[in-house]
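The structure appears right after this line, and notes come after that.
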There are 2 protein chains.
Amino acid sequence: MTAITTIENKPEKTRERGIDRVLKLLAYLNERGNPVRVAELPKALGAPRSTIYELVRVLTESGVLELSGDDNKVYFGKLIYLYGINYLRENDLVRRGSAEVDALSKLTGETSELCMLHRNRQAIVHSHSGSRPLRISSEVGGQIPLPWTASGRLLLAQMTSSEIEALLSPEDMILPNKKLVAVADFVADCIGARGSDIVASTGLISSFTQCLASPIRGLMGKFLPPFVWCCRWMFMATGWRS
Amino acid sequence: MTAITTIENKPEKTRERGIDRVLKLLAYLNERGNPVRVAELPKALGAPRSTIYELVRVLTESGVLELSGDDNKVYFGKLIYLYGINYLRENDLVRRGSAEVDALSKLTGETSELCMLHRNRQAIVHSHSGSRPLRISSEVGGQIPLPWTASGRLLLAQMTSSEIEALLSPEDMILPNKKLVAVADFVADCIGARGSDIVASTGLISSFTQCLASPIRGLMGKFLPPFVWCCRWMFMATGWRS
DNA sequence: TGGCGTTGTCTGGTATATCGGACAATGATC
DNA sequence: GATCATTGTCCGATATACCAGACAACGCCA
């Protein structure tokens, strides 16, 4: 469910600092969402082969990345997971939000998820699948195009039209059912979601699916900077019980 | 529950690559387990002030780290969390292990935790608190001295005596009740745990507490390299029901 | 079996990141 | 108000990381 993008391979002869390359490498792996062959990283990241092999060596030695499989694929390692759960110790939002999502899912029997805006996608931070035999859910860590869901509209509700348009890529405007979402319509939906406590969408990901999304606000009703969080429910329309 | 260590500040005039400094910085924050003032990092990491301020700037800009509070403290950012949950997509062990831990906790009513060996500590990867009014648990992400628990003994069971001794620091041999664990006794416990399916300890962290630990093995009964995983139960002795 | 493309490692040159130290701003103390 | 210690930024020198390109090994294909 994730789109693959390749970083522009500008043949400009500027050296790049190793740290910057590492950050891009991690972002790329996150964007891909699965292990990637080391050999394809130089081209994907627009970096020299020797540089990439050396960075991967350093990062796998430290445990930040791990090599897997027979064809020299690389992905996030357990150290990153360990560091990541440290984040929760100082950030109640994800912990409490996850607990609320679990509770909501049990209450309604439907898939509930905690999402955040990450770059130009929505990232699934926590997910609790519904209990009904037929249900839909996203994979935790996955990144979904914003135009596909009500939560996508809600996450962009506080932005200006030009800010919203800057985040959209042509391939993300195409729904899984191949239908095209008009940019103008999507922008209007986002702006229309402004100030709403709940936003709904129907039949975007597939027929009969509905998405309800609700913003997570900070104190005094303000959105948490940078306005990235929301809670959403994904369910088959036929099974909803209020 | 974490011990604070400072990286040796050797005044050797060797420059250090930025990536290496970043990895040490992340490891230090993980070890500390809470936000740290940026100003104390140079000394803690044995690095020049300008270098550290620059690295922190780059990492906070990218979202890997976040600044918090009024006194310029830094800790892991949401990007690290996001990258970390990606790890789960390709690593069933943590996901299934966490589910098992949850199930075990519900079954027994006691605190259950998934742990791994990380450097010279045991790291709490997942925890599910018991349901009884009085219960003990560790904080996810926290790192606990190995001599304090049965799981510590189990995690080191496959090592040689000298390997075990190399991992022990004097301050970790002191229990929360101020009693000193003899290195020789601890090493004997570890070696004694070899091949066991379950290891128990009583009254280490506090009187009346018991810890049961069980190894997580790979196929063919082998420990998963590098033999880092186990599941443990922490409970008050008076409440145990088999 | 030979040719080809890809992968992974290695090496020396040079562009620049790292560093020490200077300096200004800030807050605490006397 | 002066002094002191600490913090955070800045700058030029230089140690070295980054890079292009060479090379060996490997697998695939005709």
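Note that these values count all heavy atoms, side chains included, but never hydrogens, waters or copies made by symmetry. Letters A, B, ... are given to chains in the order of the sequence lines, protein chains preceding strands, and every chain is numbered from 1.
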Exercise. For the side chain of A/S214 and the backbone of A/D197, is there at least one donor-acceptor N/O pair under 3.5 Å apart?
Worked result: yes
Exercise. With B/L180, which residues qualify under side chain to side chain contact (heavy atoms under 4.5 Å, CB included), at least two apart?
Worked result: B/M173, B/I174
For this session: For residues B/R21 and B/A47, report the shortest heavy-atom separation together with the two atoms involved.
Result: NH1-CB, 3.5 Å
For this session: Flag the pair B/R17 / A/V58 as yes when at least one side-chain heavy-atom distance between them is below 4.5 Å, and no otherwise.
Result: yes
Exercise. Which part of the nucleic acid, if any, lies within contact of B/R57, taking any heavy atom under 4.0 Å across all strands shown: a base, the sugar-phosphate backbone alone, or nothing?
Worked result: nothing
Exercise. Where do A/R153 and A/P147 come nearest, in terms of heavy atoms and distance?
Worked result: NH1-O, 3.1 Å
For this session: Measure from the side-chain N and O atoms of A/E66 to the backbone N and O of A/K78, and report whether any donor-acceptor pair falls under 3.5 Å.
Result: yes
Problem set entry | Gap between atoms CG and P, on B/L55 and C/dT18 respectively (whole Å) | 6 Å
For this session: In whole angstrom, give the distance that lies between atom CD1 of B/I52 and atom P of C/dG20.
Result: 11 Å
Problem set entry | Spacing of B/E54 atom CD relative to C/dC19 atom C1', expressed in whole Å | 12 Å
Exercise. For A/D20 and D/dC18, what is the distance between atoms CG and P respectively, to the nearest whole Å?
Worked result: 10 Å
Just the table, please: protein N/O against nucleotides 11-14 of chain D N/O, every pair under 3.5 Å.
{"residue": "D/dT14", "atom": "O2", "partner": "B/R15", "partner atom": "NH1", "Å": "3.1"}

For this session: Quickly work out the A/R17 CZ to D/dC18 P distance and round it to whole Å.
Result: 10 Å
Exercise. Under 6.0 Å from the CZ atom of B/R57, do we count more than 12 heavy atoms belonging to anything else shown?
Worked result: yes
Exercise. Between B/L156 and B/V187, is any pair of side-chain heavy atoms under 4.5 Å apart?
Worked result: no
Exercise. Which part of the nucleic acid, if any, lies within reach of A/E16 when heavy atoms closer than 4.0 Å are counted: base, sugar-phosphate only, or nothing?
Worked result: sugar-phosphate
Exercise. Using the C1' atoms of the five pairs at each end, what is the angle between the end axes of the helix from C/dT1-D/dA30 to C/dC30-D/dG1, to 10°?
Worked result: 40°
For this session: Could you check which residues of residues 58-66 of chain B get a heavy atom under 4.0 Å from DNA chain D? Sort them by number, please.
Result: none
For this session: Using whole Å, report how far CG of A/L41 lies from P of C/dG8.
Result: 10 Å
Exercise. Does the A/E54 side chain pair with the main chain of A/T51, one donor and one acceptor, at a distance under 3.5 Å?
Worked result: no
Problem set entry | Phosphate contact (C/dC19 OP1 or OP2) by B/R21 side-chain N/O below 4.0 Å | yes
Exercise. Nearest-Å distance, NZ (B/K73) to P (D/dG8)?
Worked result: 13 Å
For this session: Kindly say whether B/N120 contributes a backbone atom to a donor-acceptor pair with the side chain of B/Q143 at under 3.5 angstrom?
Result: no
For this session: Determine the minimum heavy-atom distance between B/V36 and B/L41, stating which atoms define it.
Result: CG1-CD2, 3.9 Å
Seminar exercise, completed: Walking DNA chain D from its 5' end, the first of B/Y53 and A/T51 to be reached, judged by nearest nucleotide, is B/Y53
Exercise. DNA chain C: B/G18 or A/R37, which has the more 5' nearest nucleotide?
Worked result: A/R37
Seminar exercise, completed: Assert: residue with more 5' nearest nucleotide on DNA chain C, out of A/V38 and A/I19, is A/V38
Exercise. At their closest point, which heavy atom of B/P145 faces which heavy atom of B/Q122, and how far apart are they?
Worked result: O-NE2, 3.1 Å
Exercise. Within the structure, does a side-chain N or O atom of B/N72 lie under 4.0 Å from either OP1 or OP2 of D/dG8?
Worked result: yes
Problem set entry | Listed once per pair and sorted, the ring pair (Phe, Tyr, Trp, His ring centres under 6.0 Å) pairs that draw on residues 40-86 of chain A, sequence neighbours left out | A/F76-B/Y83, A/Y81-B/Y87, A/Y83-B/F76
Problem set entry | Letter per nucleotide, 5' to 3', of nucleotides 23-28 of chain D [B base touched, S only sugar-phosphate touched, - untouched; heavy atoms, 4.0 Å] | ------
Exercise. Just by distance, do the side chain of B/R194 and the backbone of B/A157 share a donor-acceptor pair under 3.5 Å?
Worked result: yes
